[in-house]
Amino acid sequence: PMTYASEIKRLRLDARNDLALESPVIMGILNVTPDSFSDGGLFIDTDHAVARALAMVEQGATLIDVGGESTRPGAQSVAVGEELKRVIPVVENLSKRGIKVSIDTSKPEVMRAAAAAGALMINDVRALRAPGAIEAAAETDLAVCLMHMLGEPGMMQEHPVYEDVVAEVLQFLLARAQACEEAGIVRARIVLDPGFGFGKTLQHTLALLAGLGRIVEAGYPVLAGLSRKSMLGALTGRPVNERLAGSLALASLSAWLGAHIIRVHDVAETRDALAVINAVRTGREKRGIEA
């Protein structure tokens, strides 16, 4: 049966903050990069970025994910100094307003600086595999989101191969979670992200979504990021700025299959979709109806 993983009620963010996960929460995407696939260059200066984040919070985002390096397929890496310059003023400004900020980075220096600036979560597409990253994350005492990616952003879509994509992604994520726990990051702080579209063909991504329940059953909070992704271009033929309907379908599906955190560009619309999903699910749970 498809049921929400309701045994996971909270995620520990830091010593003072927990995130309630009784129903799926929305993470709003804030790219302070000139080259992100969906909104590159729009929010590059701090004032614009902060205004965008405040709008997303008003629309229903619980977390704001601030990223200073694009991880789209073929993306170039960014120097540490440049990434810090892009993200730290934004993290600081939002944290001061009491907004829960996640820092989307793989760099230990950025993790430490963002933690000092008030961030509450580290969201790493490399699952803390960069040298020094796992130690930096453990020191900060923040929540961590570990994502599966085959290869590196520059090359990840060249020729990804899996025998069983769900099993392999799950195995990788559990190994990374174990490495984190061994490094002193307690289980209550760990989130898993299957990494939809990162080193995966359309077929892999569809199989991974269909099997999302298996990842949810591992017993960690799960983050799903499918908003405006290229799979929607492949499925609908629509360019990146016309993928709202597809993105909402994917957000709804991933929430229905048990994802706890839904990472999106279109917050207001996603909030409405999740409100509907939630109402159906809670009604079903009250009546004990099996899907």
### Message
Main chain of H48, side chain of D45: is a donor-acceptor contact present, judged purely on distance under 3.5 Å?
### Response
yes
#### Entry: Working for side chain to side chain contact (heavy atoms under 4.5 Å, CB included), residues Q59 and E269
CA-CA 9 Å; Q59 290 168 349; E269 296 88 344; 5.7 Å; no
### Task
Determine the minimum heavy-atom distance between R129 and D124, stating which atoms define it.
N-OD2, 4.2 Å
### Query
What's the spacing between L173 CG and L192 CG if we round to 0.5 Å?
5.0 Å
### Task
Please answer whether the main-chain N or O of G233 pairs with a side-chain N or O of S230 as donor and acceptor at a distance below 3.5 Å.
no
### Query
Between L30 and R52, is a side chain to side chain contact (heavy atoms under 4.5 Å, CB included) present by the stated rule, with each step listed?
CA-CA 8 Å; L30 187 63; R52 170 74 183 136; 3.5 Å; yes
### Task
Provide the closest heavy-atom pair for L120 versus L142 in the form atom of the first, atom of the second, distance.
O-CB, 3.5 Å
### Query
In Å, rounded to the nearest 0.5 Å, how long is the span from CZ of F196 to CE of M149?
15.5 Å
### Task
Kindly compute the distance separating CG (L253) from CD1 (I277), expressed to the nearest 0.5 Å.
7.5 Å
### Query
Does the side chain of D104 pick up a donor-acceptor pair with the side chain of N123 at under 3.5 Å?
no
## Note on the structure
Smallest heavy-atom separation, P24 atom then A255 atom, equals CG-CB, 4.0 Å
### Ring geometry between F172 and H148 (parallel below 30°, tilted from 30 to 60°, perpendicular above 60°)
perpendicular
### Message
Ignoring hydrogens, what is the shortest heavy-atom contact between I122 and L128? Give both atom names and the distance.
### Response
CG2-CD2, 4.3 Å
### Query
For residues T105 and E83, is any side-chain donor paired with an opposing acceptor at under 3.5 Å?
yes
### Query
Is the closest basic N to carboxylate O distance between E217 and R214 below 4.0 Å?
no
### Message
Give me the atom names and distance for the closest heavy-atom approach of A218 to R187.
### Response
O-NH2, 3.2 Å
### Query
Would a distance-only check, ignoring hydrogens and angles, find a side-chain to backbone donor-acceptor pair under 3.5 Å from R86 to T33?
no
### Task
Indicate yes or no: at least one non-hydrogen side-chain atom of V125 is less than 4.5 angstrom from one of F198.
yes
### Student check: side-chain heavy atoms of L174 and Y220 closer than 4.5 Å
yes
### Message
How long is the straight-line distance from CG of L146 back to CD1 of I134, given to the nearest 0.5 Å?
### Response
7.5 Å
#### Entry: Single-linkage hydrophobic cluster L244~L250, side-chain heavy atoms < 4.5 angstrom
no
### Message
Between S247 (side chain only) and S227 (backbone N and O only), is there a donor and an acceptor less than 3.5 Å apart?
### Response
no
### Query
Just by modelled atom types, is the V78 backbone N or O under 3.5 Å from a matching donor or acceptor in the K107 side chain?
yes
### Query
Is it true that E152 and R126 have a side-chain N and a carboxylate O under 4.0 angstrom from each other?
yes
### Query
Can you find a heavy atom in the side chain of V222 that is under 4.5 Å from one in the side chain of P194?
yes
### Query
Would a 4.5 Å heavy-atom cut-off, applied to side chains only, mark V191 and H260 as touching?
no
### Query
Any side-chain heavy atom of I215 within less than 4.5 Å of one from L208?
yes
### Message
Are the side chains of M231 and L206 in contact, using a 4.5 Å heavy-atom criterion?
### Response
yes
### V216 vs L257 side-chain heavy atoms within contact, under 4.5 Å
no
### Query
Are the side chains of D266 and L248 in touch, meaning some heavy atoms are under 4.5 Å apart?
no
### Task
With rounding to the nearest 0.5 Å, note down the distance linking CG in L209 to NE2 in H204.
14.5 Å
### Lys/Arg N to Asp/Glu carboxylate O, D18 vs K9, below 4.0 Å
no
### Query
Got a second to check how far S102's OG is from L94's CG, nearest 0.5 Å?
11.5 Å
### Check against side chain to side chain contact (heavy atoms under 4.5 Å, CB included), R189 and D14
CA-CA 8 Å; R189 287 168 53 197; D14 67 0; over 6 Å; no
### Query
Between the main-chain N or O of K229 and the side-chain N or O of R243, is there a donor-acceptor pair closer than 3.5 Å?
yes
### Task
Please check if the side chain of R176 supplies one atom and the backbone of A127 the other of a donor-acceptor pair under 3.5 Å.
yes
### Task
Using a strict cut-off of less than 4.0 Å between a Lys/Arg side-chain nitrogen and an Asp/Glu carboxylate oxygen, indicate whether D141 and R12 qualify as a salt bridge.
no
### Query
For S254 and A251, which heavy atoms make the closest approach, and how far apart are they?
OG-O, 3.1 Å
### Message
Do V32 and L54 land in one hydrophobic cluster if side-chain heavy atoms of ILVMFWY residues count as linked below 4.5 Å?
### Response
yes
### Task
Quick one: do L232 and V240 satisfy side chain to side chain contact (heavy atoms under 4.5 Å, CB included)? Show the steps, please.
CA-CA 8 Å; L232 289 167; V240 74; over 6 Å; no
### Query
What residue among V25, I261, L11 forms side chain to side chain contact (heavy atoms under 4.5 Å, CB included) with L223?
I261
### Check: T140 side chain, A137 main-chain N or O, donor-acceptor pair, under 3.5 Å
yes
### Message
Using a 3.5 Å distance criterion without hydrogens, assess whether the side chain of K100 forms a donor-acceptor pair with backbone atoms of I64.
### Response
no
### Message
List the residues meeting salt bridge (Lys or Arg N to Asp or Glu O under 4.0 Å) with R238, not counting sequence neighbours, and say none if there are none.
### Response
E242
### Message
Main chain of R112, side chain of E139: is a donor-acceptor contact present, judged purely on distance under 3.5 Å?
### Response
no
